[in-house]
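Written out below as structure tokens is the structure these notes cover.
Side chains are part of it too, since the values below use all heavy atoms of this structure and drop only hydrogens, waters and symmetry mates. It should be emphasised that the depicted structure is a prediction, and the values quoted were computed from it without experimental measurement.
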Amino acid sequence: MADHYDVLGVQPDASDADIKKAYRRLARELHPDVNPSPEAAERFKDVTHAYDVLSDPEQRRRYDAGPQADSPFGGGAGGFSDIFDAFFGGGGGGRGSGPRSRAERGQDALLRIDVDLDEVVFGTHKEVEVDTAVLCETCNGSCCAPGTSPRTCDICGGSGHIQRQVRSLLGNVVTSAPCGTCRGYGTVIPNPCPTCQGQGRVRARRSIPVDVPAGVDSGLRLQMPGQGEVGPAGGPSGDLYLEIRVRHHDVFSRDGDDLLATLEVGMTDAILGTTATIDGLDGPVELEIRPGVQSADVLVLKDRGVTKLRGSGRGDLRVGVQVVTPTKLSHKERQLVEQLAKSHKATKPQLARFQQGMFGKLRDRFFNF
């Protein structure tokens, strides 16, 4: 093992001041915060151990008398951790901060709720069931059994901290750490509440009224302050966040504040025109189909869409037309269609400049209207 005097670079007859001065110089050079190399770290341990031994009169006397079996990290007051906490700015340990409160803020909670598309149009009211932490009714958050109260910790005297004195380069330094008996609260609970086991809260299922505003969409989160979990020892509740998920609808889909739908129109109605009554999400509505309407034409019903979440008014209902050609005709129906074909000189089938499917065309009409 290296000689402690050689490690610090001092003579065996060096004074305490010389040893402290040498140690301070080497510590500033080798401390991991300044020099992160592995070699410096190992040498730093040796320097620290040498200082621990030589700065203690009794250990230095025994070292000078013969070989020692000291721990490389020192021991007791004045060890590696305490000295460098004090030397490099540590050692306060929260002294003077006082005991901490048992009551803490509860955690926020996230819950997903499903709403139907028709509920999105005008908003809706729901009762949401939440499994969460609520205030213990037995102790009302005090954590104590009825008729009892917390008792001042006899270890820390109610301060929540234990102080001890350690030796450092700056002299004797008082450090403070949370009391292990009361965990920093300053009090202990000799008779915990039997219902909540001294927590001040219990798990329970409760119903929360929720007003879902019109115009919400999947992924949107609603914040409900103070509706989350009650904190330990009756602390303030966290917030509840509701993530919206809009259920799939068999007829209507959504594009922003607009509603989209497809209307199947018979061939004769497409030729002659007609009036159709369709069931909107907020009731029946009449739709005029002009003569000669084509597949993929889009008919717009103003203010029949979703109520706007931010702002006023509603979007539109856009109805895409799909002309349905009959696949089976009676003999008489076929004769009538043939007569129509002879009297109406139709354009012969030919390739269009850009060929696209019916559904692609309808989709483009919807989203580029």
Side-chain angles (χ1 to χ4, degrees), residues 110-128 209-224 240-325 351-369:
L110 174 63
L111 185 67
R112 293 178 176 85
I113 61 172
D114 294 331
V115 295
D116 293 324
L117 187 57
D118 55 349
E119 295 176 319
V120 170
V121 175
F122 295 111
T124 186
H125 178 83
K126 287 183 173 292
E127 294 289 330
V128 178
V210 178
D211 289 319
V212 180
V216 297
D217 205 352
S218 292
L220 183 121
R221 289 186 178 182
L222 305 177
Q223 182 181 8
M224 303 187 67
L240 174 64
Y241 291 87
L242 299 177
E243 185 171 281
I244 302 297
R245 183 171 60 186
V246 181
R247 295 188 184 96
H248 169 76
H249 196 279
D250 292 336
V251 175
F252 296 96
S253 59
R254 182 176 178 181
D255 176 30
D257 295 324
D258 293 342
L259 291 174
L260 312 178
T262 300
L263 180 67
E264 294 181 343
V265 178
M267 183 181 67
T268 55
D269 287 336
I271 295 172
L272 302 175
T274 188
T275 300
T277 300
I278 62 176
D279 292 324
L281 288 178
D282 55 340
V285 57
E286 285 194 350
L287 184 64
E288 292 291 333
I289 301 172
R290 67 180 182 276
V293 70
Q294 301 293 308
S295 288
D297 283 352
V298 177
L299 309 179
V300 180
L301 293 170
K302 291 290 186 180
D303 300 323
R304 283 285 186 166
V306 178
T307 301
K308 296 179 180 179
L309 180 63
R310 296 176 179 86
S312 59
R314 297 173 59 183
D316 301 330
L317 171 58
R318 290 188 274 161
V319 181
V321 175
Q322 181 178 347
V323 178
V324 179
T325 304
L351 291 175
R353 272 188 167 185
F354 179 72
Q355 183 70 25
Q356 61 177 342
M358 159 64 196
F359 293 103
K361 186 178 179 184
L362 184 57
R363 179 197 60 209
D364 291 344
R365 289 287 185 91
F366 268 138
F367 293 103
N368 297 306
F369 188 80

* Given side chain to side chain contact (heavy atoms under 4.5 Å, CB included), test R290 with D297 step by step and report yes or no. => CA-CA 11 Å; R290 67 180 182 276; D297 283 352; 2.9 Å; yes
* **From CA spacing to verdict: side chain to side chain contact (heavy atoms under 4.5 Å, CB included), R112, Y241** => CA-CA 8 Å; R112 293 178 176 85; Y241 291 87; over 6 Å; no
* Asked: Should L281 and H249 be marked as a side chain to side chain contact (heavy atoms under 4.5 Å, CB included) after you check the CA-CA gap, both sets of side-chain angles, and the distance that decides it?
  -> CA-CA 10 Å; L281 288 178; H249 196 279; 3.6 Å; yes
* Asked: Would V210 and T124 count as a side chain to side chain contact (heavy atoms under 4.5 Å, CB included) if you check the C-alpha gap in whole Å, the side-chain angles of each, and the deciding distance to 0.1 Å?
  -> CA-CA 8 Å; V210 178; T124 186; over 6 Å; no
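The shortest non-hydrogen separation linking V306 to G215 is CG1-CA, 3.7 Å. V293 approaches V323 most closely through the heavy-atom pair O-CG2, 4.0 Å. Considering all non-hydrogen atoms of both residues, F122 and A214 come closest at C-CB, 3.3 Å. Among all heavy-atom pairs drawn from T307 and V121, the shortest one is OG1-O, 2.5 Å. Here the closest non-hydrogen pair linking M224 and P209 is CE-O, 3.6 Å. Residues V120 and R254 approach most closely at CG1-NH1, 3.3 Å, considering heavy atoms.
The shortest distance between side-chain heavy atoms of V246 and D217 falls below 4.5 Å. Side-chain contact check for V324 versus M267: every heavy-atom pair is 4.5 Å or farther apart. D316 places none of its side-chain heavy atoms less than 4.5 Å from the side chain of L301. Looking only at side-chain heavy atoms (C-beta outward), I289 and L263 come within less than 4.5 Å of each other. Taking the side chain as every heavy atom from C-beta outward, T262 and V319 never approach each other to under 4.5 Å.
Note that CG of L259 is 8.0 Å distant from OG of S253, once rounded to the nearest 0.5 Å. The line from CZ of R221 to CG of L240 is 11.0 Å long, rounded to the nearest 0.5 Å. Atom-to-atom distance recorded for L299:CG and L317:CG is 9.5 Å, nearest 0.5 angstrom. For the atom pair CG of L220 and CG of L309, the computed distance is 6.5 Å after rounding to the nearest 0.5 Å. If you take OG1 on T277 and CG on L287, they are separated by 9.0 Å, rounding to the nearest 0.5 Å. In this structure, CD on E119 lies 10.0 Å from CG on D114, to the nearest 0.5 angstrom.
Between the side chain of Q294 and the main chain of G292, a donor-acceptor pair closer than 3.5 Å is present. T274 places no side-chain N or O within 3.5 Å of a backbone atom of D269 that could act as its donor or acceptor partner. When atom types are taken as modelled, the side chain of D258 and the backbone of G305 share no donor-acceptor pair closer than 3.5 angstrom. The backbone N or O of P284 sits nowhere less than 3.5 Å from a side-chain atom of D279 that would complete a donor-acceptor pair.
The environment of CZ in R247 is crowded: more than 12 heavy-atom neighbours from other residues, nucleotides or ligands sit within 6.0 Å.
We find that K126 and D211 are not joined by a salt bridge, their nearest charged nitrogen and carboxylate oxygen being 4.0 Å or further apart. For the pair D282 and R304, the salt-bridge criterion is met [side-chain N within less than 4.0 Å of a carboxylate O]. Salt-bridge formation is not detected for the pair R314/D257: no Lys NZ or Arg NE/NH1/NH2 atom is positioned less than 4.0 Å from an Asp or Glu carboxylate oxygen.
T275 and E286 share no donor-acceptor pair across their side chains, judged by distance under 3.5 Å alone.
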